[in-house]
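I have placed the structure first, in the form of structure tokens, so that the comments after it can refer back to it.
Start at 1 and go down the list; that is how both ligands and their atoms are numbered.
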Amino acid sequence: MENHVSHVTTTAEQPSNEARLGILELANMISVPMSLNAVVRLNVPDAIWQGGSNSPLSASAILSHVLPDGGGDAENLQRILRMLTSYGVFAEHLVSADDDGGSHQRKFSLTEIGKTLVTDQNGLSYGPYILQHHQDVLMGAWPMVHEAVVDPTIEPFVKVNGEPAYEYYGKKPEMNGLMQRAMSGVSVPFMKAILDGYDGFEGVGRLVDVGGSAGDCLRMILQKHPSVREGINFDLPEVVAKAPTIAGVSHVGGDMFKSIPSGDAIFMKWVLSTWTDSECKLIMENCYKALPVGGKLIACEPVLPTKSDDSPRTRALLENDIFVMTIYRAKGKNRTEDELRQLGLSAGFSHFKPIYIDYFYTVLEFQK
Ligand SMILES: C[S@@+](CC[C@H](N)C(=O)[O-])C[C@H]1O[C@@H](n2cnc3c(N)ncnc32)[C@H](O)[C@@H]1O
């Protein structure tokens with residue numbers, strides 16, 4: 001018995017090697033997103049990609065592309081690239097620098113994850129999403145995460161900046177613009193993936209996208225399904241004012257908490273997780289009113305697994321959940337399938353069907 005007690009005491013006082021390493025990894029984790037932000041700001045992915053070559057380049061070669069007028073510190077860039085290599089953003093190539101193989105030069109190419117940061121022919125990538133998340137006004141909210149526990153009636157973002165995030169963005173055209181580019185960069189690849197595997201837009205003539213931002217989702221749906229004759233891109237007035245002209249799509253400004261334009265079906269991507277249960281119920285009730293009997297609300301949302309685990313999917317969904325809590329709504333959240341089903345029922349929808357195609361967003365059909 002004595003031995004047992006002393007064993008427990010020793011374990012508590014002396015963490016294992018794994019525990020010592022694990023906690024130090026977590027304590028230094030801020031280096032990961034901030035370094036990602038740095039390589040996006042420096043345009044490193046485009047410099048390596050070079051129109052598709054993706055040939056391994058040394059840090060000094062990358063530097064000469066991103067700072068063509070010279071200067072910069074190649075060693076510090078290499079430190080950032082090595083760290084992000086350990087997170088799968090870059091691939092490292094050790095090239096022998098002398099004949100006897102004694103010294104090596106490090107070169108870096110883009111992995112599949114790294115390629116998501118390359119600007120495509122439409123000017124899109126996941127880069128603006130990373131920049132959007134790490135703007136000073138959002139960063140200022142992060143030291144206040146614990147406040148969401150102490151007082152959930154006010155968001156850390158509001159505590160620091162004095163007003164809710166969307167109101168704040170609305171007054172700053174450059175923040176609104178970055179938000180739209182961020183959403184487009186994330187939504188276009190997702191839409192390409194689901195439009196290949198999901199047939200729920202068949203037979204819909206007039207489709208409303210609630211919180212549709214720049215209208216990319218509607219543009220892609222209309223291109224894939226010519227039977228959708230009319231798209232209504234519904235978002236805040238200051239957001240639709242900046243949306244580009246899209247054939248077949250009308251941009252309508254308004255407030256989804258007040259009313260939503262009517263349609264044969266409603267599409268709504270990445271909106272519900274931003275809001276509290278009662279706010280979601282109100283949005284969904286307004287969707288219900290805007291639909292004919294049998295009409296569908298097609299929502300795309302992160303859906304949490306019931307049990308927590310350390311898989312990349314669960315981590316990405318739970319990390320995004322804390323982002324929502326900190327920036328948008330202290331009681332807005334990513335929800336489980338069952339919580340979403342219950343929300344739909346509470347708003348009047350009689351049928352619910354989740355469709356898992358993309359790892360991050362699940363397609364959720366709520367039928368009237
Ligand atoms: C996370 S973004 C998603 C954008 C787009 N659906 C996508 O996934 O690319 C949420 C959207 O909801 C819009 N939004 C916020 N409050 C709104 C309101 N009260 N009425 C209508 N749209 C709103 C925002 O302007 C933003 O475009």
Side-chain angles (χ1 to χ4, degrees), residues 122 124-126 128-130 132-133 138 155 157-158 163-173 175-195 207-221 231-244 246 249-261 263 265-276 278-287 289-290 297-303 317 320-321 323-329 332-335 358 360-364:
N122 300 314
L124 297 178
S125 78
Y126 282 73
Y129 182 73
I130 288 163
Q132 199 276 336
H133 274 213
L138 279 79
E155 289 66 38
F157 183 95
V158 177
E163 60 187 331
Y166 282 119
E167 283 173 33
Y168 196 99
Y169 302 166
K171 292 181 188 143
K172 310 254 182 221
M175 285 189 87
N176 241 343
L178 181 56
M179 177 68 180
Q180 280 193 346
R181 282 187 290 122
M183 290 302 106
S184 301
V186 172
S187 292
V188 168
F190 162 76
M191 289 305 292
K192 274 189 194 144
I194 69 148
L195 283 170
L207 180 67
V208 180
D209 186 353
V210 174
S213 192
D216 292 292
C217 297
L218 271 182
R219 177 173 48 78
M220 295 176 73
I221 295 167
I232 308 293
N233 182 44
F234 180 71
D235 206 301
L236 294 167
E238 58 273 21
V239 174
V240 292
K242 288 270 178 291
I246 302 170
V249 173
S250 315
H251 296 296
V252 176
D255 181 356
M256 63 194 170
F257 292 106
K258 296 199 172 123
S259 72
I260 287 171
I266 292 175
F267 183 75
M268 186 163 67
K269 174 173 167 286
W270 222 2
V271 170
L272 295 175
S273 59
T274 309
W275 304 101
T276 65
S278 56
E279 287 162 340
C280 285
K281 183 166 179 260
L282 183 53
I283 297 166
M284 292 173 89
E285 282 170 350
N286 285 340
C287 289
K289 284 182 206 155
L297 162 62
I298 303 163
C300 302
E301 292 291 332
V303 174
L317 296 171
N320 176 254
D321 186 48
F323 178 82
V324 167
M325 182 177 88
T326 307
I327 304 299
Y328 288 118
R329 212 79 179 94
K333 57 189 163 201
N334 289 348
R335 296 176 170 84
D358 182 79
F360 191 86
Y361 305 100
T362 303
V363 180
L364 307 162

Can you list every pair where an N/O of ligand 1 is under 3.5 Å from an N/O on the protein?
| unit_1 | atom_1 | unit_2 | atom_2 | d |
| --- | --- | --- | --- | --- |
| ligand 1 | 6 (N) | Gly211 | O | 2.7 |
| ligand 1 | 6 (N) | Lys269 | O | 2.8 |
| ligand 1 | 8 (O) | Ser187 | OG | 3.3 |
| ligand 1 | 8 (O) | Lys269 | O | 3.3 |
| ligand 1 | 8 (O) | Lys269 | NZ | 2.8 |
| ligand 1 | 9 (O) | Ser187 | OG | 2.5 |
| ligand 1 | 19 (N) | Asp255 | OD1 | 2.9 |
| ligand 1 | 20 (N) | Met256 | N | 3.0 |
| ligand 1 | 25 (O) | Asp235 | OD1 | 2.6 |
| ligand 1 | 27 (O) | Asp235 | OD2 | 2.7 |

Lys/Arg-Asp/Glu bridge criterion (N-O < 4.0 Å) met for Lys171, Glu167: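 Between Glu167 and Lys171 there is no salt bridge, as every charged N stays at least 4.0 Å from the carboxylate O atoms.
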
Heavy-atom pair of closest approach, residues Ser273 and Pro302: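 For Ser273 versus Pro302, the nearest heavy atoms are OG-CD, 4.2 Å.
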
Ser184 to Ala214 - nearest heavy-atom pair and separation: OG-CB, 4.1 Å

Phe157 and Tyr168 aromatic ring geometry - parallel, tilted or perpendicular at 30°/60° bounds: perpendicular

Whether Phe257 and Trp275 hold their rings parallel, tilted or perpendicular, with breakpoints at 30° and 60°: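 Phe257 vs Trp275 ring planes: perpendicular.
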
Residues Gln132, Tyr169; criterion side-chain hydrogen bond (donor to acceptor under 3.5 Å, both in side chains); working and verdict: CA-CA 11 Å; Gln132 199 276 336; Tyr169 302 166; 3.1 Å; yes

